[in-house]
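Worksheet for the structure shown next.
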Amino acid sequence: MASQTAALEKLFDEWARKHAEKVSTAEPYLMPEQETPYGGFIRDGIINLENWKKQKVRICFILNEAGGYNDLEKFPNGADLAADWNERGSFSTFMFKLAVWTKAIQDSFVAPITYNKQEVMKIRDELIRSIAIVNIKKTDGQKRSNFELLQRFAAEDAEELKRELELVNPNIIICGENFRFLRGKRPEEEGAKRDRVFYSDEIKQIAKLTYLWGSKLIFSLWTPANFVGTISSNTINYYAVREMCRASMKAFTQKKKK
């Protein structure tokens with residue numbers, strides 16, 4: 001347990017130094033004028049290590065970027081999202097959506113039940129403290145991500161993102177409309193720097209929107225951050241995510257038996 005924490009901290013320290021050295025001198029760290037200042041490096045990862053170790057189903061959400069950490073006076077050396085979420089629990093509408101998704105994935109392993117908002121409300125803090133978060137862009141973000149900028153960060157930090165996922169070591173990885181930035185072919189040049197987190201020859205598609213990376217399942221779904229129309233409904237998201245996970249894992253089990 002301690003070694004996992006130490007390894008993640010070492011990775012974040014090196015990652016933050018890399019960003020600090022390039023923040024004003026290199027793409028994608030050289031922010032266009034219309035973007036907010038880069039700010040400090042935002043650590044993420046496992047929200048509560050003790051709870052994480054207890055989980056049979058360890059769920060990691062790959063998100064675009066964090067918001068609310070651009071106060072350079074409060075966070076002169078960057079912020080720690082994982083520590084903040086662990087301390088505060090579920091404190092926003094978005095985080096309640098994450099709690100609903102987490103419950104849906106957990107429930108995909110048991111007999112179908114009816115979505116119960118009140119039940120999720122009671123355990124929402126516990127659900128948040130059971131997951132891990134990996135943000136592609138480790139700096140304060142916007143309500144609407146700049147996808148061109150996000151793609152540049154995904155390519156620039158591909159090695160670090162892959163290493164973070166290996167250290168976090170989830171069973172299930174949820175990508176919210178960002179899998180396209182993380183997946184691609186290997187660079188043609190021999191010895192070229194890694195520019196994708198998942199290469200096509202490292203993953204296998206086992207069902208629609210579902211991939212296998214080693215022993216880890218990857219779901220390429222819509223983003224939990226959607227607040228538009230019916231797709232923002234927690235009830236709809238609960239059933240859709242639960243049944244998609246259930247169907248994908250059934251397909252995976254059937255393929256293993258062949």
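Everything numeric here is computed off the predicted structure, so don't read it as measured data.
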Using side-chain heavy atoms (C-beta onward) and a distance below 4.5 Å, is [X] in contact with [Y]?
X      : Y      : result
Ile136 : Leu182 : yes
Asp107 : Tyr238 : yes
Gln4   : Lys53  : yes
Asn48  : Trp85  : no
Val241 : Met244 : no
Ser233 : Thr235 : yes
Asn64  : Lys137 : no

Problem set entry | Worked check of side-chain contact (heavy atoms from CB on, under 4.5 Å) between Ser248 and Ile206 | CA-CA 7 Å; Ser248 296; Ile206 58 174; 5.7 Å; no
With a 4.0 Å cut-off, would you call [X] and [Y] a salt bridge?
X      : Y      : result
Arg194 : Glu202 : yes
Glu156 : Lys22  : yes
Glu160 : Lys138 : no
Asp201 : Arg186 : yes
Arg196 : Glu159 : no
Glu166 : Lys162 : yes
Arg43  : Asp84  : no

When hydrophobic residues are tied together by side-chain contacts of less than 4.5 Å, even through go-betweens, does [X] share a cluster with [Y]?
X      : Y      : result
Val197 : Phe181 : yes
Trp52  : Ile62  : yes
Phe219 : Leu212 : yes
Leu98  : Tyr115 : no
Phe61  : Ile42  : yes

Do any side-chain atoms of residues 127-134 form donor-acceptor pairs under 3.5 angstrom with protein atoms, and if so which ones, sequence neighbours left out?
unit_1: Arg129; atom_1: NE; unit_2: Asn86; atom_2: O; d: 2.6
unit_1: Arg129; atom_1: NH2; unit_2: Asn86; atom_2: O; d: 3.0
unit_1: Arg129; atom_1: NH2; unit_2: Glu87; atom_2: O; d: 3.4
unit_1: Ser130; atom_1: OG; unit_2: Leu127; atom_2: O; d: 2.6

Problem set entry | Step-by-step side-chain contact (heavy atoms from CB on, under 4.5 Å) determination, Leu161 to Phe198 | CA-CA 10 Å; Leu161 288 165; Phe198 309 112; over 6 Å; no
Problem set entry | Residue Lys193 excluded, over 12 heavy atoms near NZ under 6.0 Å |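 It does: Lys193 NZ has more than 12 such atoms within range.
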For this session: Indicate whether any N or O donor in one side chain lies under 3.5 Å from an N or O acceptor in the other, for Asn169 and Lys216.
Result: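 Their side chains do contain a donor-acceptor pair, which is all the 3.5 Å distance test asks for.
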Kindly compute the distance separating [atom1] ([X]) from [atom2] ([Y]), expressed to the nearest 0.5 Å.
X      : Y      : atom1 : atom2 : result
Ile172 : Leu217 : CD1   : CG    : 6.0 Å
Cys60  : Leu165 : SG    : CG    : 5.5 Å
Phe91  : Arg88  : CZ    : CZ    : 4.0 Å
Ile105 : Lys103 : CD1   : NZ    : 12.0 Å
Arg124 : Lys117 : CZ    : NZ    : 10.0 Å
Ile203 : Gln205 : CD1   : CD    : 8.0 Å

Quick one: does [X]'s side chain have a donor or acceptor within less than 3.5 Å of a partner on [Y]'s backbone?
X      : Y      : answer
Asn171 : Arg58  : yes
Arg183 : Asn178 : no
Thr210 : Lys208 : yes

Which of parallel (below 30°), tilted (30 to 60°) and perpendicular (above 60°) describes [X] and [Y]?
X      : Y      : result
Phe41  : Trp15  : tilted
Phe179 : Tyr211 : tilted
Trp222 : Trp101 : perpendicular

For this session: Compare every heavy atom of Asn135 with every heavy atom of Ala66, then report the nearest pair and how far apart it is.
Result: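 Result for this residue pair: N-OD1, 3.7 Å.
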For this session: Apply side-chain contact (heavy atoms from CB on, under 4.5 Å) to the pair Asn234 and Lys97, showing each step before the final yes or no.
Result: CA-CA 7 Å; Asn234 285 318; Lys97 286 180 175 292; 3.4 Å; yes
Problem set entry | Listed partners of Glu243 passing side-chain contact (heavy atoms from CB on, under 4.5 Å), at least two apart | Arg246
Problem set entry | Residues Leu11, Glu164; criterion side-chain contact (heavy atoms from CB on, under 4.5 Å); working and verdict | CA-CA 8 Å; Leu11 172 65; Glu164 183 179 4; 3.8 Å; yes
